[in-house]
Amino acid sequence: MFYRLLATQVLFAVTLATPIAIERRQSASASDSPAATVVPTATAVGPPGASGYLRGSTDLGGFSSSNPVDTTADASVVSPDQYELAPGQDADKDLGLFLDLSTVENPQPIRGSTDAPTDPGPRNIALDRENSDAFAPPGTDAGTVPNGKWPLGLSANRHGLGSAGWARQQNIDALPIATAMAGVDMRLSPNAYREMHWHKANEWSLILNGSVRLNSMNEAGETFVDDLQAGDVWFFPAGIPHSIQASEAGVEFLLVFDSGDFSEDGTNLLSETFERNSKAVLAKDLRVDTSAFDKIPDGELYIFDGTPFPKNISTDNITGPAGVIPQSSTYSYHLSQQAAYEVPGGSVKIIDPVSFPIASNFAAGLFVIKPGAMRELHWHTTSDEWNYIISGQGRLTVYSAPASSRTFDFQAGDVGYVPVPASHYLENTGTEDLVYLEVLQAPAYNDISVAQWLGLTPKRVVKDHLGFSDDTLNRLPKIKPYILPGNTNLTQTNFTSESE
Ligand SMILES: *[C@@H]1O[C@H](CO)[C@@H](O)[C@H](O)[C@H]1NC(C)=O
Ligand SMILES: *[C@@H]1O[C@H](CO)[C@@H](O)[C@H](O)[C@H]1NC(C)=O
Ligand SMILES: *[C@@H]1O[C@H](CO)[C@@H](O)[C@H](O)[C@H]1NC(C)=O
Ligand SMILES: *[C@@H]1O[C@H](CO)[C@@H](O)[C@H](O)[C@H]1NC(C)=O
Ligand SMILES: *[C@@H]1O[C@H](CO)[C@@H](O)[C@H](O)[C@H]1NC(C)=O
């Protein structure tokens with residue numbers, strides 16, 4: 001809009017301006033008015049009420065003896081009485097404490113006491129407060145690591161028909177390193193549908209809120225119907241057609257696809273299948289009169305309102321001679337009913353093809369990290385990791401070979417991405433539980449724990465590498481901790497008492 005307006009004004013100026021010679025009005029004395037008014041060759045003739053010139057004179061280029069730059073002024077200095085420091089901000093920068101800038105007045109990108117750069121602006125203070133590890137990185141961050149964070153709040157929200165729902169997506173267009181997986185957050189209002197469709201990527205889903213009814217059919221004509229609630233998972237293999245309908249409670253779910261360039265806007269739709277084939281062909285295909293297609297939708301349905309589904313699911317259980325899809329290859333998993341694996345500091349539920357065989361190559365961990373606790377330092381051996389923050393907040397450092405690292409801060413609704421085999425952790429930096437999902441492309445969930453690796457290496461070898469004391473060597477675990485508990489006071493640095 002801005003550029004269009006500018007282009008119109010320029011055109012107007014070029015068309016109507018009367019060229020005049022440069023007229024340089026020197027002020028009486030360069031010192032009391034150093035900025036001379038310089039009239040350009042082509043003046044602007046704008047709409048009524050406009051004044052001034054669209055361009056300056058070429059005389060403003062380069063050195064001039066009447067240079068008005070005042071290098072003595074301290075206008076850009078942010079003095080200590082103009083800002084606050086967060087707890088831990090003056091601590092050694094290699095300690096890299098989490099800086100909670102959320103309520104800090106005029107936060108500054110300061111780490112440690114020896115150097116104190118300030119930011120007079122321009123700035124987006126809300127982003128600086130949410131991303132303190134980007135604004136004032138730990139001293140240990142180094143080199144270049146590609147961006148690994150995409151808040152879905154920055155994605156355009158595509159609305160369905162009427163008030164039926166919406167969807168917003170992340171793929172490589174938003175996050176270029178995310179080549180192996182893409183994600184969508186979708187909302188269906190009460191009784192609304194995501195229309196009957198299919199696509200070329202495999203689709204894995206976690207229900208975030210509400211409940212849903214699913215219908216599908218495979219190549220053999222075996223059918224599938226199930227109702228799922230928050231915390232449950234579904235998987236539809238590539239090419240398998242499916243429909244998704246919200247219950248009267250409505251639903252919100254997360255979709256993960258095994259292709260970084262997947263676009264939710266590019267799926268194959270039932271509505272368009274009927275709109276893009278001739279009526280004679282459709283009539284022959286279904287052995288009906290062409291008038292059967294008088295009421296097919298005009299344009300895609302995508303997300304639209306539906307009639308409530310019958311409470312008795314047997315009514316929607318349509319079977320042919322092939323029967324139903326057997327449980328060994330079913331498309332749903334009631335993960336909400338799985339007991340979590342509890343450890344000090346939190347809990348985890350693993351779901352992968354070992355317990356959900358149809359979900360080929362989708363291995364996921366649903367983690368709950370208590371305040372102050374941390375998903376341990378680890379890496380995955382064979383797959384990139386796609387993350388979604390369900391609630392709470394946390395930070396994660398990606399260490400990339402050989403010598404780079406970058407720390408990201410995450411809030412609920414953010415997607416994170418860690419390329420294989422970069423090491424990382426995820427520390428809860430908030431006051432409530434951090435609940436998040438890790439998704440891998442692997443036949444079984446896998447990770448290597450740094451702590452366990454050291455604990456299962458001869459002490460002499462570890463000592464030769466890292467110079468650890470005997471006490472430190474004796475504390476190294478032989479069992480993978482997954483999650484480590486920690487003090488909820490994140491500037492408290494005595495961690496030895498936190499083993500519970
Ligand atoms: C679902 O959303 C409602 C309304 O915001 C909220 O009260 C409820 O806690 C949510 N449920 C879950 C499982 O997040
Ligand atoms: C659907 O019908 C089949 C028998 O054809 C039965 O095995 C299956 O349990 C039924 N499913 C539901 C959800 O009613
Ligand atoms: C659900 O519908 C099936 C098939 O119509 C019927 O046999 C069954 O009794 C119904 N169940 C309930 C609880 O109404
Ligand atoms: C957190 O710990 C630091 C360091 O021991 C201490 O100075 C600070 O008062 C503590 N903060 C709270 C809120 O307890
Ligand atoms: C850390 O905390 C433990 C347990 O509270 C205590 O025994 C130890 O002396 C503390 N260490 C330091 C360096 O303060």
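- With rounding to the nearest 0.5 Å, the separation of CG in Asp128 from CZ in Arg123 is 5.0 Å.
- Contact check for Ser155 versus Gln169: no side-chain heavy atoms found under the 4.5 Å cut-off.
- Under the 4.0 Å criterion applied to side-chain N and carboxylate O atoms, Asp100 and Arg129 are not assigned as salt-bridge partners.
- The distance from the NZ atom of Lys200 to the OG1 atom of Thr267 is 12.0 Å, given to the nearest 0.5 Å.
- A donor-acceptor contact closer than 3.5 angstrom links the side chains of Gln393 and Thr429.
- Annotation: side chain to side chain donor-acceptor pair (under 3.5 Å) contacts of Ser336 (sequence neighbours excluded): Gln229, Asp232.
- Remark: the Gln411 side chain and the Asp409 side chain contain no N/O donor-acceptor pair separated by less than 3.5 Å.
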> Is there a side-chain contact (heavy atoms from CB on, under 4.5 Å) between Tyr193 and Leu301 once you walk through the steps?
Replying inline: CA-CA 9 Å; Tyr193 289 101; Leu301 293 169; over 6 Å; no
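- In this structure, Arg213 forms a cation-pi arrangement with Phe309, its terminal cationic atom sitting closer than 6.0 Å to the ring centre and no more than 45° off the ring axis.
- Between Arg276 and Glu300 there is no salt bridge, since no side-chain N of the basic residue sits under 4.0 Å from a carboxylate O of the acidic one.
- More than 12 heavy atoms of other residues, nucleotides or ligands lie within 6.0 Å of CG in Asn124, so this atom counts as buried by the packing criterion.
- Within the 4.5 Å cutoff, the side chain of Ile325 has no heavy atoms near those of the Thr223 side chain.
- A heavy-atom distance below 4.5 Å is found between the side chains of Leu366 and Leu335.
- Of the listed residues (Glu438, Glu427, Glu385), just one forms a salt bridge (Lys or Arg N to Asp or Glu O under 4.0 Å) with Arg375, and that residue is Glu438.
- A donor-acceptor contact closer than 3.5 angstrom links the side chains of Asp226 and Ser332.
- The two atoms that bring Leu254 and Ser205 nearest to each other are O-OG, 2.9 Å, heavy atoms only.
- Proximity of Thr382 to Val420: side-chain heavy atoms (C-beta onward) are nowhere separated by under 4.5 Å.
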> Are Phe410 and Lys149 close enough, and set up right, to give a side-chain contact (heavy atoms from CB on, under 4.5 Å), and what steps lead you there?
Replying inline: CA-CA 8 Å; Phe410 291 101; Lys149 166 173 171 167; 3.7 Å; yes
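- Separating the OH atom in Tyr436 from the CG atom in Asn428 is a distance of 10.5 Å, to the nearest 0.5 Å.
- Salt bridge present: Asp185 and Arg168 bring a charged side-chain N and a carboxylate O closer than 4.0 Å.
- Side-chain contact between Asn361 and Pro353 is absent, with no heavy-atom pair separated by less than 4.5 Å.
- Within the 4.5 Å cutoff, side-chain heavy atoms of Asp133 are placed close to those of Pro138.
- The CD1 atom of Ile207 sits 4.5 Å away from atom CG of Leu228, with the distance rounded to the nearest 0.5 Å.
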>> Working note: Trp379 + Trp453, criterion ring-ring contact (aromatic ring centres under 6.0 Å, His included); need CA distance, chi angles, decisive distance, verdict.
In response: CA-CA 11 Å; Trp379 67 87; Trp453 178 34; 5.8 Å; yes
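- In this model, no donor atom of one side chain and acceptor atom of the other lie less than 3.5 Å apart for Ser391 and Glu432.
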>> Applying side-chain contact (heavy atoms from CB on, under 4.5 Å) to Phe257 and Asn171, what does each step give before you reach the verdict?
In response: CA-CA 9 Å; Phe257 299 93; Asn171 58 26; over 6 Å; no
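- Geometrically, Arg194 does not engage Tyr302 in a cation-pi contact defined by less than 6.0 Å to the ring centre and at most 45° from the axis.
- In this structure, the ring of Tyr399 has its center no less than 6.0 angstrom from the ring center of His424.
- A 6.0 Å sphere centred on CD of Glu342 holds more than 12 heavy atoms belonging to other residues, nucleotides or ligands.
- Aromatic pair Phe235/Tyr331: ring centres not closer than 6.0 Å.
- At least one side-chain heavy atom of Glu264 sits less than 4.5 Å from a side-chain heavy atom of Phe262.
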>> Test side chain to side chain donor-acceptor pair (under 3.5 Å) on Trp234 and Glu203; report intermediate values, then the result.
In response: CA-CA 8 Å; Trp234 80 65; Glu203 169 181 311; 2.8 Å; yes
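- The distance from the CG atom of Asn215 to the CD1 atom of Ile318 is 8.0 Å, given to the nearest 0.5 Å.
- Put simply, the side chain of Met186 reaches to within 4.5 Å of the side chain of Ile303, judged on heavy atoms.
- A 6.0 Å sphere centred on CG of Leu456 holds more than 12 heavy atoms belonging to other residues, nucleotides or ligands.
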>> Assess the residue pair Ile448 and Thr381 against the criterion (side-chain contact (heavy atoms from CB on, under 4.5 Å)); give the C-alpha distance rounded to whole Å, side-chain angles, the decisive distance to 0.1 Å, and a yes or no.
In response: CA-CA 7 Å; Ile448 295 287; Thr381 51; 3.6 Å; yes
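- Contact record, Pro237 with Asn202: CA-OD1, 3.3 Å, taken as the closest heavy-atom pair.
- Between Phe362 and Trp204, the angle of the ring planes stays under 30°, which puts this pair in the parallel group of the 30/60° scheme.
- Side-chain contact, Tyr417 with Asn387: no donor N or O sits under 3.5 Å from an acceptor N or O.
- The two atoms that bring Ala246 and Val251 nearest to each other are CB-CG1, 3.8 Å, heavy atoms only.
- Taking both residues in full, the closest heavy atoms of Ile483 and Ala373 are given as CG2-CB, 4.2 Å, listed atom of the first, atom of the second, then distance.
- Smallest separation of non-hydrogen atoms from His380 and His378: NE2-NE2, 3.3 Å.
- One finds the OG1 atom of Thr319 at 13.0 Å from the CE atom of Met217 (value rounded to the nearest 0.5 Å).
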